[in-house]
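Throughout, protein chains are lettered first and strands after them, A, B, ... in sequence-line order, and every chain is numbered starting at 1.
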Amino acid sequence: MTRRTALPGFGLTLGMTVTWVSLIVLLPLAALALRPWELGLAGVWHSVSEPRVLAALRLSFGAAALAAAVNVPLGLLIAWVMVRYRFPGRSLADAMIDMPLALPTAVAGISLTALFAARGWLGALLAPLGIKVAYTPLGVLVALIFVGLPFVVRTLQPVILDLPSDAEEAAATLGATRMQTLCRVVLPALAPALLAGFGAALARGVGEYGSVIFIAGNMPMVSEIAPLLIVIRLEQLDYAGAAALGLAMLALSFGLLLLLNRLQHWLPGRAA
Amino acid sequence: MPHSALTRRGAIGALLGTLAVTPAVAATTLLNVSYDPTRELYRDINRAFIAAWKAKTGDVVTINQSHGGSGAQARAVLDGLQADVVTLALAADIDALAQRGLLAADWQSRLPDNAAPFTSTIVFLVRKGNPKQIHDWPDLLKPGVQVITPNPKTSGGARWNVLGALAWARRQPGATDASAEDYLRALFHQVPVLDTGARGATTSFAQRGLGDVLLAWENEAFLARKEFGDADFEIVLPSVSILAEPPVAVVDSVVDKRDTRTVAEAYLHFLYTPEGQEIGARNFYRPRDPAVAARYAETFPQLTLATIQDFGGWAKAQPAYFADGGLFDRIFMPGK
């Protein structure tokens, strides 16, 4: 029995999908996966378990997770306001959310550094409080929050748009408080999208390079991110070592995203 | 990152250049792949050489430049950037190209003076009035002094910085390898940020107001004073520094393919002519030519300089200090 679909030919479309995915995604990844083994298994392990590498991985993944966690509630708030309210300048504000995506990341990094350096507008205000942002791991976090925000907002917006407001109204008529409505009606329905947004922001943060290196300070063991370490290895002509580190990051990211993906499926709010 | 962007632009430029040139007629192009702070030097050199070459042969040559951290530039050439000549921060980076067969192993003896037409050294750039009273290497360890240097892993200039520091430390009474390493560890404790290239470090220090002292190429220190104002910075000459010899070479595999050997060699020889030496000195590189050097004696005071030979040459210094697990990695490991 054949079902009518808009696209003609299952075989043709699947063939194209597989070819395209192979060419654009799998081929480069396979090249990466094959590269480091000239070091041997022990060599690869040694290369990715150096203290300096571990510190860099911890910073990259830790800061990215933290930044994504900060972006989820903030992004939810922004997405909610953008979808549910009408106010002057809304479309302007909505367009601005994509700015971190459009801006070359190096420009973002340099602007953030200028802003948060001890002499910058914000840095000068924070310095008397003993808070240093530029050239510290905190700077990495700030940069990752900046680049990650649109991912959360853009993931949530269409879902909020689809969220029927009659469910909230029904909850209200049944005597639920605003808090109860939020926690038991709205958030569960949004949970998969929140997780997806978290995952997207996390993935972006882990791989982010341009905006971070300007603000990070790049000190080994302290504020050196893993992608920078890859670049440093390349510049030392250590291609295999760079590939080993790239592969380690890839494996970690893949594991994390897979976990988030599974988590989404188990969530109660998942639409049937 | 500006470096990679530049490198990429260089790569694209070179690609387009090759595509445009191969079938065309007499319009020759050269690509000079250089390190970070030489932008101004080669801009002037190129202008003069193009005129000299036209006067001599009647041919018009176009010279493209690409700049970035020395190690990054070497890698770009290794990965296929079609550099007719490389003018890098240290011999080790050109050695890496020679090891992989891009140019003859004896490249350094094909031109006079170790193939380094100019020399430079490492000096301190401090803020006006020298508020932290920094006069020599030990002053860098004073509490509260922040030192700015690029990352020796990626920057050739920073490797010379490290060698300058070690040269001083090893000449102290009772010095050992361990005491020199301790000095270096203490020194890098005073460093708040590691830029990937010399120009980035200069920007951090001069433009963003970070740190109290910049360890810099002498030419870069002069240039910073010129660009950002004499009134804001002072140059301090340490008691001991290092003779930095940034070498130049024709990349055999590229010039043979592109048929540009004659003009590429003429370009490098031009650096040794009185005119080339004069341009170098004007851009704050120490000239080799005694006559030109005499004219600029006031600009470039005599210093006690160690040389790379004191460290056994780059073939020994590079793995011992800067490779993975080398001295520079060790000083960042906690508890050692």
Side-chain angles (χ1 to χ4, degrees), chain A residues 39 43 46-47 50-56 104-107 109-120 123-124 127 132 134-136 139 208-224 227-242 244-245, chain B residues 1-7 68-79 92-93 95-97 99-100 146 148 150-156 188-197 200-201 203-204 207-211 318-319 322-326 328-336:
Chain A
L39 296 173
H46 179 75
S47 157
E50 279 176 28
R52 187 165 166 217
V53 174
L54 293 180
T105 51
V107 177
I110 291 170
S111 324
L112 287 172
T113 310
L115 209 55
F116 282 100
R119 281 200 199 160
K132 277 200 249 170
Y135 314 116
T136 69
E208 179 60 22
Y209 178 78
S211 63
V212 177
I213 55 154
F214 289 98
I215 200 170
N218 306 327
M219 299 301 290
M221 306 297 294
V222 179
S223 53
E224 187 175 61
L228 175 65
L229 208 50
I230 295 182
V231 172
I232 288 178
R233 283 187 169 178
L234 282 178
E235 295 188 354
Q236 294 174 279
L237 310 176
D238 178 11
Y239 289 69
L245 185 46
Chain B
M1 192 167 107
H3 307 134
S4 67
L6 277 169
T7 316
S70 191
Q73 292 292 78
R75 182 179 58 80
V77 173
L78 205 57
D79 284 349
D93 286 330
D95 279 338
L97 301 180
Q99 270 162 27
R100 288 159 178 85
Q146 284 197 322
I148 304 298
N151 189 339
K153 290 277 197 173
T154 48
S155 156
F188 273 87
H189 263 289
Q190 317 274 81
V191 176
V193 50
L194 286 174
D195 286 290
T196 49
T203 311
S204 289
Q207 220 160 28
R208 274 200 256 298
L210 199 70
Q318 173 70 22
F322 306 114
D324 278 343
F328 183 73
D329 278 353
R330 280 204 303 281
I331 64 169
F332 278 100
M333 288 304 125
K336 273 190 199 165

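A donor-acceptor pair under 3.5 Å links the side-chain atoms of B:Arg100 to the main chain of B:Ala96, judged by distance alone.
Rounding to the nearest 0.5 Å places CG of A:Leu228 at 5.0 Å from CG of A:Asn218. Here the OG1 atom belonging to A:Thr105 is positioned 11.0 Å from the CG atom belonging to A:Leu112, to the nearest 0.5 angstrom. The CG atom of B:Leu210 lies 5.0 Å from the OH atom of A:Tyr135; values are rounded to the nearest 0.5 Å.
For the options A:Arg233, A:Arg119, A:Glu50, heavy-atom pairs under 4.5 Å to chain B are most numerous at A:Arg119.
Residue contact with chain A, scored on non-hydrogen atoms closer than 4.5 Å, involves the side chain of B:Asn151 exclusively. With a threshold of 4.5 angstrom between heavy atoms, B:Leu194 approaches chain A through its backbone and through its side chain.
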